[in-house]
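For reference, the structure is listed below as structure tokens.
Residue numbers begin at 1 in each chain, while the letters A, B, ... track the order of the sequences.
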There are 2 protein chains.
Amino acid sequence: MARKPPTKPRKNALQERSRATVDALVEATARILVREGFEKTSTNRIAEIAGVSVGSLYQYFPSKEALVAAVIERHNEEIMGIVRTTLNEVMDMPIEKAVRRLVTVAIEAHRINPELHRVLAEQIPRAGKLDVEAFNREVHSLVRAYFESHRKEMRKIDLDVATFICVSSIEAVAHNTVLNQAEMLSEKMVRTLVDETTRMVAGFLR
Amino acid sequence: MARKPPTKPRKNALQERSRATVDALVEATARILVREGFEKTSTNRIAEIAGVSVGSLYQYFPSKEALVAAVIERHNEEIMGIVRTTLNEVMDMPIEKAVRRLVTVAIEAHRINPELHRVLAEQIPRAGKLDVEAFNREVHSLVRAYFESHRKEMRKIDLDVATFICVSSIEAVAHNTVLNQAEMLSEKMVRTLVDETTRMVAGFLR
DNA sequence: AGGAAAAGCGAGTGAATGCTCGCATTATAA
DNA sequence: TTATAATGCGAGCATTCACTCGCTTTTCCT
């Protein structure tokens, strides 16, 4: 029972043509996920949209899950890149400025590809669990590192607890802002939300 | 195309026997969702576990989605009951005390049936979208009502923005606490989290 | 009692879909 | 050029699963 479908490619793309095939497949998967939803995302359809045969698909991805996982990984990596960069930039800033920047970036990150983000968050069943956990762990440890080196500006508080609460809150505000209110997202509104969220988090830490 | 599966029962349960059947079906659905996950939850299996035939299942639920929707509704109603009650109790309390109570209740609510909550949050694809939105709207309006009647204790701030940020944050902390850290959930830890989250939110409002 | 309505049954059907396999085409290198 | 490897193909297999339909059993009502 409990068959665990493989996630690693059964063959690596060596020549240029096959690398293009792999890209096309991942791209097609993302497009179909966004445009038709997870339910309609079948391997036959992915192959069709990628302009490739099912057979070729299975040369590089051992299962449907592997393809979805590749899309998730690509998206997560894109966001993690931004987060890593931002936390570097922010390392020397005081708390208030740093938090403001992080809140802003969190919203920006969610706006990279909101539709894909929504599908990944709402429709993907089991897969990517490990990816998401690794993602969270990295964000947590990056933020925690910032807090450590700014301890003197902060009141006495357990750093893990502080990190947990801050990251959860900022992520939730960004997520809900982008996904539940995409319509009423004037620039003014965003600025207010950033201001207030920053106030909450920075006030909490001081 | 875009076939929308019905959600209303095709027949209402009138006699006692049939009401028991309906209950057994919903209960079985919840059990299978928790024990085997959404993917393994088939109508045949639900009927089997409920001790009922597939034919009978389709007497009362026109589609698989309808069954899952019933489970979601039951779970949401259970939580909303608690939230409504709590907000009544809290109506006359000052902000600090009220927020503390709300944070505590949020965590308790997530602990009612964590496994079901996880499955509903992580594995259910399309369904229940409307339910979730209605749920959020009601929570939002209840909390907003409390804020309105305690405006004098608060600094000047747009009540919708304040509600949005507070509800998002509290929900996220409760959700992540229960679902990502079920293991290391000592009572002491919970108390710390409640204390700190309360401090953050109450401080934000004053 | 007896007839009607409600409830229950479960083998079977049809459609969807993940994936395989034997073969065809293209690239590489000797 | 030609042998070998890499890449690509897509009809079809095997399975799963939501759902139907003709029928039986139970309950209700007079």
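- Of the listed nucleotides (C/dG10, D/dG8, D/dC19), D/dC19 has the atom at the smallest distance from the side chain of B/Lys64.
- Between B/Glu16 and B/Thr41, it is B/Thr41 whose nearest contact on DNA chain D lies nearer the 5' terminus.
- Distance from the side chain of A/Val54 is smallest for C/dT20 among the nucleotides D/dG8, C/dT20, C/dC9.
- Of the listed nucleotides (D/dC9, C/dG18, C/dG8), C/dG8 has the atom at the smallest distance from the side chain of B/Ser53.
- Taking the charged nitrogens against the carboxylate oxygens, B/Arg199 and B/Glu96 have no contact shorter than 4.0 Å, which rules out a salt bridge.
- Residue B/Gln15 places its side chain closer to C/dA7 than to any other of D/dT7, D/dC19, C/dA7.
- Contacts of B/Thr43 with the nucleic acid, taken as non-hydrogen atoms under 4.0 Å apart, include base atoms.
- Between the C1' atom of C/dC19 and the OH atom of A/Tyr58 lies a distance of 5 Å, rounded to the nearest Å.
- Checking the phosphate oxygens (OP1, OP2) of C/dA7, no side-chain nitrogen or oxygen of B/Thr21 falls inside 4.0 Å.
- Between the P atom of D/dT16 and the NZ atom of B/Lys40 lies a distance of 9 Å, rounded to the nearest Å.
- When rounded to the nearest whole Å, the span between CZ of B/Arg45 and C1' of D/dC19 equals 19 Å.
- Figure legend: A/Lys64 and A/Phe38 shown as a cation-pi pair, the cationic atom lying under 6.0 angstrom from the six-membered ring centre and within 45 degrees of its axis.
- Side-chain atoms of A/Asn44 lie closest to D/dG12 of the nucleotides C/dT20, C/dC9, D/dG12.
- Within the structure, every side-chain polar atom (N or O) of A/Ser18 is placed at least 4.0 Å from both OP1 and OP2 of D/dG8.
- Put simply, A/Ser56 has no side-chain N or O that comes within less than 4.0 Å of OP1 or OP2 on D/dT7.
- In terms of heavy-atom proximity, A/Ser168 sits nearest to A/Phe164 at OG-O, 2.8 Å.
- Straight-line distance from the CZ atom of B/Arg19 to the C1' atom of C/dG8: 17 Å, rounded to whole Å.
- Distance, B/Glu39 CD to D/dA18 C1': 16 Å, rounded to whole Å.
- Straight-line distance from the CD1 atom of A/Ile46 to the C1' atom of D/dG10: 16 Å, rounded to whole Å.
- Atom pair B/Leu57:CG and D/dC19:P shows a separation of 9 Å (rounding to whole Å applied).
- OP1 or OP2 of C/dG8 has at least one side-chain nitrogen or oxygen of B/Tyr60 nearer than 4.0 Å.
- Interatomic distance, B/Ser63 OG to B/Tyr58 OH, rounded to the nearest 0.5 Å: 7.0 Å.
- In this structure, the separation between CD on A/Glu196 and CG on B/Asp158 is 8.5 Å, given to the nearest 0.5 Å.
- As rounded to whole Å, 11 Å separates atom C1' of C/dA24 from atom CZ of A/Arg17.
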